[in-house]
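Ligands are counted one by one from 1 in listed order, and the atoms in each one are counted from 1 as well.
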Amino acid sequence: MSKLALTYDDIQLVPAYSNISSRKNIDLTTQVTKNYGLRVPLVASCMDTVCESEMAITIAELGGVGCIHRFMTIEQEANEIATVVAAIQQQNIEDVWNLNDTNWKFKKAIPVMAATGANGDFKERAVALVNAGANIILIDVAHGHHENVKQAIATLKNILPSHVDIIAGNIASAQAAKDLEAWQADGLRVGVGGGSLCTTRLKTGFGVPNVSCLQEIIAVTNLPVMADGGIRTSGDIAKALALGSSCVMLGSLIAGTKEAPGKIIEKATGLFKRYRGAASLETKMTHNQEQKNVEGESTVIPFKGGAKFVIEGLLDGVRSAFSYGGANNINEFKPEYVQVTNAGQTEAKPHLL
Ligand code: XMP
């Protein structure tokens, strides 16, 4: 029988009693895998127009993590990781992370994350990335509930040192979450077909709207859940966290910034940068991949300036959300929510103009 499935616009969080006196004191510390923590619940997506070393360093400076994409040679990706590792030993980053804080419950290491696939050169790639200093490997597969992912996790668990955690995905069902947990994943990347440039749902009919997808999975797993795809505002981040996600993965929100890979494009109408789906024709052509299984679009988006300003704006919104929810930290952020009608969605946006 069919079930109704909701996404971010279908719900609103209900304000709760709050005694938060200053948003500055709100602690956004969270988990990204079984063993690794974050100071803020943000992960830069492993897309070739979102995250290489420059973005990863900038987001680490603010307490989040960037996942270096895999659409380059093993040597290039390992070099990107080496660049990130060199930068995160700087005092300003150590200060933000404050790993000697007695409340820090995770490994005393700043997470360094990079993507591999689940076949081809993934073993050699993962080994090179870990040798360069990565401590989290993300198996970047569109359909993560797959035998290839089971085998890839088993292989990597066997060959990589025990301090390395593995994030697997993407998934969109409770059974997938149970299976990935049984296959020894240390974190889940959740969301199928909801990304801003995804055509998976149109092309295949598969995918589950994000709110219901997260609810189904969070109800059955003990692993940290990273909500991925379709996050357009800090309000969406707050909704994902309210549902019990540990963190969110961002694509479009931080694409188009100075630190996102790619040149600034000058047009008569202003400055732009490219943003493209990992499975778009443009990405496949750029990286000499076979031009099949296209499931993404590509576009130009307005240049946004520095990523730090953009990310700080998002964090500002998330801290405000915690204040409305009466929460000092992520564990306390469990507001109720209501389902809204079309009229409620209209009311939720500026509607005078
Ligand atoms: P946002 O909405 O943040 O989404 O821009 C980023 C996420 O979208 C996914 N992604 C894709 N999904 N085809 C897809 O179906 C693609 O070509 C594609 N590229 C990225 C991915 O999960 C990313 O983090």
Side-chain angles (χ1 to χ4, degrees), residues 7-9 32 41-52 55-56 59 64-71 113-115 117-118 138-145 149 167-172 176 187-211 213-214 217 225-237 239-240 245 247-257 260-262 273-287 289-302 304 307 310-311 314:
T7 193
Y8 296 124
D9 273 353
V32 62
L42 305 183
V43 182
S45 182
C46 43
M47 297 169 72
D48 75 345
T49 47
V50 176
C51 190
E52 292 176 357
M55 177 65 79
I59 197 164
V65 65
C67 185
I68 304 293
H69 74 81
R70 63 189 169 90
F71 304 104
M113 195 189 295
L138 181 145
I139 301 177
D140 176 28
V141 177
H143 180 26
H145 194 194
V149 173
I167 296 177
N170 282 35
I171 57 165
L188 300 176
R189 185 181 179 205
V190 173
V192 170
S196 59
L197 294 175
C198 294
T199 54
T200 300
R201 293 187 193 169
L202 290 177
K203 183 163 174 182
T204 70
F206 279 85
V208 180
N210 282 316
V211 165
C213 174
L214 291 167
I217 286 177
V225 163
M226 180 163 74
D228 176 31
I231 293 186
R232 302 147 305 167
T233 59
S234 50
D236 288 347
I237 300 175
K239 289 175 186 177
S245 309
C247 58
V248 300
M249 181 171 253
L250 303 178
S252 60
L253 273 180
I254 52 174
T257 56
K273 281 187 103 163
R274 292 206 73 76
Y275 180 46
R276 58 191 181 202
S280 66
L281 189 60
E282 184 181 313
T283 299
K284 287 177 189 274
M285 287 175 71
T286 305
H287 303 294
Q289 295 169 351
E290 268 190 290
Q291 289 163 32
K292 57 177 201 181
N293 304 327
V294 171
E295 280 182 27
E297 296 286 355
S298 51
T299 188
V300 288
I301 57 173
K304 298 174 186 164
V310 172
I311 295 169
L314 295 172

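Between Lys203 and Glu295 there is no salt bridge, since none of the side-chain N atoms of the basic residue sits less than 4.0 Å from a carboxylate O of the acidic one. A salt bridge is absent between Arg70 and Asp48; no separation between the charged side-chain nitrogens and carboxylate oxygens falls under 4.0 Å.
The nearest heavy-atom contact from the protein to atom 6 (C) of ligand 1 is Tyr275 OH, 3.7 Å. Protein heavy atom closest to atom 22 (O) of ligand 1, with residue, atom name and distance, is Asp228 OD2, 2.4 Å. With respect to atom 3 (O) of ligand 1, the closest heavy atom belonging to the protein is Gly251 N, 2.9 Å. Summary of contacts: the protein heavy atom closest to atom 9 (C) of ligand 1 is Cys198 SG, 4.0 Å. For atom 16 (C) of ligand 1, the nearest non-hydrogen atom of the protein is Glu295 O, 3.4 Å.
For the atom pair CG (Asn170) and CE (Met226), the distance works out to 7.5 Å, reported to the nearest 0.5 Å. Separation of atoms CD (Glu282) and OH (Tyr275) is listed at 12.5 Å; rounding is to 0.5 Å. Rounded to the nearest 0.5 Å, atoms CD (Glu52) and CD1 (Ile68) are 7.0 Å apart. Atoms OG and CE, on Ser45 and Met249 in that order, are 4.5 Å from each other to the nearest 0.5 Å.
Residue Ser196 approaches ligand 1 through these ligand atoms, each under 4.0 Å from one of its heavy atoms: 1 (P), 2 (O), 4 (O), 5 (O). Listed by atom number, the atoms of ligand 1 under 4.0 Å from Asn170 heavy atoms are 22 (O). The ligand atoms of ligand 1 that sit less than 4.0 angstrom from a heavy atom of Ser45 are 23 (C), 24 (O).
Ligand 1 is never approached by Arg232 to a heavy-atom distance shorter than 4.0 Å. Under the 4.0 angstrom criterion for non-hydrogen atoms, Leu197 is not in contact with ligand 1.
Residue contacts with ligand 1: Ala279 is placed with a nitrogen or oxygen under 3.5 Å of a nitrogen or oxygen of the ligand (distance criterion only). Checking only distances, Thr200 does come within under 3.5 Å of ligand 1, N or O to N or O. Between Ala278 and ligand 1, at least one N/O pair is under 3.5 Å apart. Geometrically, ligand 1 and Arg189 share a nitrogen or oxygen pair separated by less than 3.5 Å.
Ring geometry, His287 versus Phe71: the interplanar angle falls under 30°, so the pair is classed parallel (tilted spans 30 to 60°).
If you look at Met47 next to ligand 1, the close heavy atoms, those under 4.0 Å, all belong to the side chain. Under 4.0 angstrom from ligand 1, there are no non-hydrogen atoms of Val192. Under 4.0 angstrom from ligand 1, the non-hydrogen atoms of Ser280 all belong to its backbone.
Residues His143 and Val192 form no side-chain contact, since every pair of their non-hydrogen atoms from C-beta on lies 4.5 Å or further apart. Contact annotation: the side chain of Ile171 approaches that of Ile217 to within less than 4.5 Å [non-hydrogen atoms, C-beta and beyond]. Residues Leu138 and Cys46 are in side-chain contact: their nearest non-hydrogen atoms beyond the backbone lie under 4.5 Å apart.
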Output, in order, the C-alpha distance, side-chain angles, deciding distance and verdict of side-chain hydrogen bond (donor to acceptor under 3.5 Å, both in side chains) for Thr286 and Thr283.
-> CA-CA 5 Å; Thr286 305; Thr283 299; 5.9 Å; no
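Closest heavy-atom approach to atom 8 (O) of ligand 1 among the candidates Gly195, Ala44, Gly230, Cys51: Gly195.
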